[in-house]
Amino acid sequence: MHTDVNALFDNLWQNYLSVTPSAVKVHELLGSTQKDDVINDHIALRTFNHEHIGLEKLAAHFLAVGYKECGEYHFEAKKLYAKHYEHSDPRKPKVFISELLVEQCSPELQAIVNDMVANIDAAAVTVDDFLYSGTHWQVSTEIYKKLLAESEYAAWMSAWGYRANHFTVSINELAKFDNIETVNQALKDAGFALNTSGGEVKGSPEVLLEQSSTLADDFAVEFSDGKMSVPSCFYEFALRYNKPDGELYTGFVAASADKIFESTNAR
């Protein structure tokens with residue numbers, strides 16, 4: 001596993017850029033030319049609650065570089081469970097890891113996921129690059145569509161595997177913007193499509209967190225029976241508010257995160 005937290009995030013970022021070309025444009029649009037102020041609030045990773053590659057296996061990579069477990073979240077309609085992690089250095093990005101509760105899904109989906117997971121060498125899960133290793137399997141377009149009909153999350157995993165599902169711009173750190181509405185407007189003016197599920201802005205000052213996101217880029221995947229473009233990764237934007245004690249809120253809001261997941265839905 002990595003021993004250098006910066007190297008881990010650099011690798012995750014380069015891997016994310018390789019399938020999310022719009023991220024570079026977001027940086028150019030929101031960043032100041034005077035200073036490097038596009039700061040990453042958090043990343044998110046997806047997996048299945050399978051004993052070999054469950055949430056805790058992914059989290060181990062972050063615990064090894066100074067992270068600690070902070071909160072847990074339930075998404076009953078989507079059959080997901082998640083935890084978030086924070087580093088001892090508050091300037092390091094937070095990490096949000098979710099897993100699909102496979103046993104709650106149809107027998108057909110369970111069989112497909114078990115076949116996919118069977119391709120992962122148990123030793124591979126602890127290797128440095130596992131968190132940005134992509135897929136360890138290849139499925140057909142037909143299987144992808146079958147999964148998509150039941151769980152967008154499972155379909156996304158079948159196409160993309162292990163990589164950051166999104167990075168997140170901290171609006172608090174931007175020099176040119178101080179609220180989420182002006183960020184969203186700048187993105188729309190530049191031609192970006194935003195996730196409107198639950199409204200363009202998810203959350204509120206009352207819950208101490210406001211979030212928005214682009215819709216995932218469409219990117220070609222080499223399936224076993226040919227290429228097909230499917231949603232890849234997206235960029236999120238987060239504005240955090242101070243708690244009553246004056247400290248910045250560092251957690252997540254399940255009702256908002258539930259809608260952010262839909263940024264990878266097909267348009």
Side-chain angles (χ1 to χ4, degrees), residues 1-3 5 7-9 11-16 18-19 42-65 67-76 78-85 93-140 143-144 146-148 150-167 216 221-224 230-233 257 261 264:
M1 291 189 189
H2 278 281
T3 52
V5 64
L8 172 56
F9 278 94
N11 284 308
L12 283 161
W13 173 249
Q14 292 305 324
N15 175 260
Y16 163 81
S18 70
V19 298
H42 70 271
I43 66 162
L45 295 155
R46 296 181 176 186
T47 191
F48 302 109
N49 70 333
H50 191 286
E51 60 180 345
H52 295 315
I53 41 90
L55 183 160
E56 305 291 351
K57 300 285 189 185
L58 273 60
H61 289 263
F62 296 100
L63 298 178
V65 290
Y67 278 79
K68 64 181 189 300
E69 187 182 307
C70 288
E72 63 172 358
Y73 311 87
H74 300 270
F75 304 92
E76 286 168 15
K78 289 182 172 67
K79 302 180 173 71
L80 304 175
Y81 173 68
K83 288 183 179 181
H84 99 264
Y85 300 80
K94 288 163 278 296
V95 176
F96 187 92
I97 307 176
S98 57
E99 61 183 11
L100 181 67
L101 305 174
V102 180
E103 72 282 357
Q104 294 183 15
C105 301
S106 70
E108 187 174 28
L109 183 145
Q110 291 182 47
I112 294 168
V113 169
N114 286 336
D115 283 348
M116 283 164 37
V117 172
N119 287 286
I120 304 177
D121 183 339
V125 182
T126 59
V127 174
D128 271 9
D129 69 353
F130 181 71
L131 296 178
Y132 44 92
S133 61
T135 54
H136 296 246
W137 51 75
Q138 203 174 34
V139 299
S140 65
I143 291 290
Y144 173 83
K146 256 184 196 161
L147 291 172
L148 190 59
E150 180 173 350
S151 166
E152 182 281 327
Y153 186 105
W156 188 92
M157 278 298 297
S158 77
W160 298 110
Y162 294 94
R163 56 183 0 111
N165 168 262
H166 63 269
F167 274 70
V221 172
E222 194 74 62
F223 290 95
S224 62
V230 300
S232 61
C233 306
F261 278 118
T264 50

What's the verdict on side chain to side chain contact (heavy atoms under 4.5 Å, CB included) for Leu55 and Glu72, showing C-alpha distance, side-chain angles and the deciding distance? CA-CA 11 Å; Leu55 183 160; Glu72 63 172 358; over 6 Å; no
Before you tell me yes or no, could you show the steps for Lys78 and Glu152 under salt bridge (charged side-chain N to carboxylate O under 4.0 Å, His left out), namely the whole-Å CA-CA distance, both residues' side-chain angles and the distance that decides it to 0.1 Å? CA-CA 9 Å; Lys78 289 182 172 67; Glu152 182 281 327; over 6 Å; no
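Ring pair Trp137/Tyr162 is perpendicular by interplanar angle, where above 60° counts as perpendicular and below 30° as parallel. In this structure, His2 and Tyr132 have tilted ring planes: the angle between them lies in the 30° to 60° band. Using bins of under 30°, 30° to 60° and over 60° for the plane-to-plane angle, the ring pair Tyr16/Phe167 lands in the tilted bin. The aromatic rings of Tyr67 and Phe62 sit perpendicular to each other, their planes meeting at more than 60°, with 30° as the lower class boundary.
With a 4.5 Å cut-off on side-chain heavy atoms, His61 and Ile97 do not count as touching. Side chains of Phe130 and Leu58 form a contact here, defined as non-hydrogen atoms less than 4.5 Å apart. Side-chain atoms of His52 and Ile120, non-hydrogen and from C-beta on, never get closer than 4.5 Å to each other. Here the side chains of Tyr81 and His74 are in contact, with some heavy-atom distance below 4.5 Å. By the 4.5 Å heavy-atom criterion applied to side chains, Ser98 and Phe75 are not counted as neighbours. A heavy-atom distance below 4.5 Å is found between the side chains of Leu100 and Leu109. At a threshold of 4.5 Å between non-hydrogen side-chain atoms, the residues Phe96 and Asn165 do not count as touching. Using a 4.5 Å heavy-atom cutoff, the side chains of His84 and His42 are not in contact.
Between the side chain of Glu150 and the backbone N or O of Ser106 there is at least one donor-acceptor pair closer than 3.5 Å. No side-chain donor-acceptor contact under 3.5 Å links Trp160 to the backbone of Thr135. Between the side chain of Asn15 and the main chain of Asn11, no donor-acceptor pair closer than 3.5 Å is present. Remark: the backbone N or O of Leu148 is not paired with any side-chain donor or acceptor of Tyr153 at under 3.5 angstrom.
Residues Arg163 and Ser18 share a closest heavy-atom pair of NH2-OG, 4.1 Å. Shown here for Trp156 and Gly161, the closest heavy-atom pair between the two residues is CZ3-O, 3.6 Å. The shortest heavy-atom contact between Gln110 and Cys105 is NE2-O, 2.8 Å. Closest of all the heavy-atom pairs between Pro231 and Ala216 is CB-CB, 3.9 Å. For Ser158 against Tyr144, the heavy-atom pair with the smallest separation is OG-CD1, 3.6 Å. The shortest heavy-atom contact between Leu63 and Lys68 is CD2-CA, 4.1 Å.
Within the model, atoms CG of Leu8 and CD1 of Ile43 stand 7.0 Å from one another, a figure rounded to the nearest 0.5 Å. For the atom pair CG of Leu12 and CG of Leu45, the computed distance is 6.5 Å after rounding to the nearest 0.5 Å. Taken to the nearest 0.5 Å, the CD1 atom of Ile143 stands 9.5 Å off from the CE atom of Met116. Note that CD1 of Ile53 is 6.5 Å distant from CE of Met157, once rounded to the nearest 0.5 Å. Distance CZ/Phe48 to OG/Ser151: 7.5 Å, rounded to 0.5 Å.
Tested against Asn49, the residues Glu99, Gln104, Glu103, Glu56 include a single side chain to side chain donor-acceptor pair (under 3.5 Å) partner, Glu103.
In this structure, Glu222 has no salt bridge (Lys or Arg N to Asp or Glu O under 4.0 Å) partners at least two apart in sequence or on a different chain.
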